[in-house]
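Read the numbers this way: they start at 1 and go in the same order the structure lists the ligands and their atoms. Index from 1, following the sequence.
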Amino acid sequence: MNLLNLRKQAKQQFKELGIDTEDADFIIAETLNVPRTELPLINELTPKQTKQILKHINERKNKKPVSKIFKRAYFYGLKFKINNKVLSPRQDSEILIETALKYIKQNKIKSVLDLCTGSGCLAIAIKKNADVMLQAADISQAALRLAKTNAKLNDVEIKFVKSNMLTKIKNKFNLIVSNPPYIPTHEINLLEDEVKKFDPILALDGGKTGLDFYKIINDTAIKNLTPDGMLILEIGNEQKDDVINMFSNFKFVECVPDYGGLNRVLVFKLNKTET
Ligand code: GLN
């Protein structure tokens, strides 16, 4: 098949379905394993190439995100393997990394725990950019398997622990970071298809109010923090006040918006050092 026709056709179909038309070239280039800038240089596709591209275009038309089609994602300049057992890394979460790196430097933080690690993207991005001891935990064995693969892929050393929140975590850390599931159960079916059909519900569902996992962190994190310990948590835009009010065991430090201007990250520190 002629590539130009296929590109035009795919873009038109994506447009009608409200899918970003840029995804068409992205999918074609990724399938052919060439840079996007080289697409105009290709005229005819082999039947095998055509078949593969059409398969991926159809997956995207069914709202499968490109990260899940190609089973990989980029986050904080690093490459990760992805599958349907973990949340695809979001660009929005990169601000959590920026914030964590700022406090790690400022407070000479030596040990970090990433709770609900999923693909491992937060833990790996931090470890890659800071000289700290890192542990990462998740309740899902499948997620941990993938996170371990990602740590190897990015050449970092992280200790992974299977744990329901902090129940199996023994050590104390200077910092705990987490992007827990935070979508209220009744709002999951309002999420875009890309998320609700292809990200695991386990990684999204934060219970009736969406705040279940923040409550657990407020109730239990003290046992795994040093006296000057900190928490850096991702939140949903509307959850800022509820989470700050809930965190009775901690002192609120700051709320950091993401690059889209939405409330995204909350920073707390343990109150204990103060009288
Ligand atoms: N930010 C994700 C979304 O909006 C949710 C991530 C989470 O629950 N931790 O789909």
Nearest protein heavy-atom contact for atom 8 (O) of ligand 1: which residue, which atom, what distance? Tyr182 N, 3.0 Å
Residue, atom and distance of the protein heavy atom nearest atom 4 (O) of ligand 1 read Ile183 CD1, 4.2 Å
Check for me whether Ala203 has a heavy atom closer than 4.0 Å to any atom of ligand 1. yes
Which class fits the ring pair Phe70 and Phe26: parallel under 30°, tilted 30 to 60°, perpendicular over 60°? perpendicular
Side chains of Ser93 and Cys121, heavy atoms from C-beta outward: is any pair under 4.5 Å? no
In Val112, Leu225, Ile176, Val267, the residue satisfying side chain to side chain contact (heavy atoms under 4.5 Å, CB included) with Met230 is Val267
Between Arg90 and Asp199, does any side-chain N to carboxylate O distance fall below 4.0 Å? yes
Considering the heavy atoms of [X], write down every atom of ligand 1 situated less than 4.0 Å from one of them.
X	answer
Leu87	6 (C)
Val195	10 (O)
Pro180	7 (C), 8 (O), 9 (N)

How long is the span from the CG atom in Leu175 to the NZ atom in Lys110, to the nearest 0.5 Å? 12.5 Å
Any N or O on Arg90 sitting closer than 3.5 Å to an N or O of ligand 1? yes
Do Tyr76 and Glu98 have side-chain atoms, one donor and one acceptor, less than 3.5 Å apart? yes
